[in-house]
Amino acid sequence: MDTTRRLPDGELAVMQALWDLEPPVTSGELQQRLKESHPMALTTLLTVLTRLGEKGFVKSEKEGRSSRYFPLITREAYLAGQSRRFLDQVCGGSLSAFAAALCDSGLTREELDELRDLLERGTL
């Protein structure tokens, strides 16, 4: 599976709901979790889950007449792949261009100080 491949917004919303819940998760639990942020019909949700399964992001297991879903990639692994993709494709692999963009992104002084502290402590 290519974790640097960007998921469309609807698929990413389903993955985020899946990451937020304790697997295994039913489609009903996912639909409930998505109700506020990204409401979708059950048929649409099932189609998205099928696509995510084909891409290797989700595994489903039949349990009686329903299915239970498990993420096959962690949120952290997806975020790391997307960060690398952004650095390479948007910033041309330049860390200084990435840092400048991050500073210009509207981060508060406190957020920048927190980032500096994390880098200095080596906890990133």
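Only heavy atoms go into these numbers, but all of them, side chains included; no hydrogens, no water, no symmetry mates.
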Original post:
Which residue pairs pass the salt bridge (charged side-chain N to carboxylate O under 4.0 Å, His left out) test with at least one member in residues 23-34, sequence neighbours excluded?
Top reply: Asp20-Arg33
Original post:
Is a side-chain donor or acceptor of Trp19 paired with a backbone partner of Ile73 at a separation under 3.5 angstrom?
Top reply: yes
Original post:
Of all residues at least two apart in sequence or in a different chain, which pass the side chain to side chain contact (heavy atoms under 4.5 Å, CB included) check with Arg116?
Top reply: Arg109, Asp113, Glu120
Subject >> Heavy-atom pair of closest approach, residues Ala41 and Gln31 >> reply: C-NE2, 3.8 Å
Subject >> Electrostatic pair Arg121-Asp117, nearest N-O below 4.0 angstrom >> reply: no
**OP:** Answer yes or no: is there a side-chain heavy-atom contact under 4.5 Å between Ser27 and Leu42?
**Re:** yes
**OP:** State which residues pass salt bridge (Lys or Arg N to Asp or Glu O under 4.0 Å) with Glu22; sequence neighbours excluded, sorted by chain then number.
**Re:** none
Original post:
For Glu11, which residues count as a side chain to side chain contact (heavy atoms under 4.5 Å, CB included) partner, sequence neighbours excluded?
Top reply: Leu7, Pro8, Val48, Arg51, Leu52, Lys55
**OP:** Taking Thr44 for its side chain and Met40 for its backbone only, find out whether a donor-acceptor pair lies under 3.5 Å.
**Re:** no
Subject >> same_hphob_cluster(Val90, Leu87) at 4.5 Å side-chain heavy-atom cutoff >> reply: yes
Subject >> From CG (Leu79) to OG1 (Thr74), nearest 0.5 Å >> reply: 9.0 Å
Original post:
Would you say the side chain of Phe70 lies within less than 4.5 Å of the side chain of Glu61, judging by non-hydrogen atoms?
Top reply: yes
Original post:
Could you state the interatomic distance from CG (Leu12) to CZ (Arg75), rounded to the nearest 0.5 Å?
Top reply: 9.0 Å
Original post:
Got a second to check how far Gln32's CD is from Leu21's CG, nearest 0.5 Å?
Top reply: 10.0 Å
Original post:
Is there side-chain contact between Pro71 and Met15, with at least one heavy-atom pair below 4.5 Å?
Top reply: yes
Subject >> Heavy-atom side-chain proximity of Thr26 to Tyr69 below 4.5 angstrom >> reply: no
Original post:
For the atom pair CG (Leu72) and OG (Ser60), what is the distance rounded to the nearest 0.5 Å?
Top reply: 9.5 Å
Subject >> Partner set under ring-ring contact (aromatic ring centres under 6.0 Å, His included) for Phe98, not counting sequence neighbours >> reply: Phe86
Original post:
So do Glu111 and Thr108 actually touch side chain to side chain, heavy atoms under 4.5 Å?
Top reply: yes
Original post:
Is His38 close to Gln16 at the side-chain level, that is, under 4.5 Å between some pair of heavy atoms?
Top reply: no
Subject >> Any residue meeting side-chain hydrogen bond (donor to acceptor under 3.5 Å, both in side chains) with Asp104, in chain and number order, not counting sequence neighbours >> reply: none
Original post:
Among Leu34, Asp9, Val58, which one satisfies side-chain contact (heavy atoms from CB on, under 4.5 Å) with Val14?
Top reply: Leu34
Subject >> Nearest-0.5 Å distance that lies between atom OG1 in Thr50 and atom CG in Leu46 >> reply: 6.5 Å
**OP:** Identify whether the distance between the nearest side-chain nitrogen and carboxylate oxygen of Arg68 and Glu63 falls below 4.0 Å.
**Re:** yes
Original post:
Between Ser96 and Ser94, which heavy-atom pair has the shortest distance, and what is it?
Top reply: OG-OG, 3.1 Å
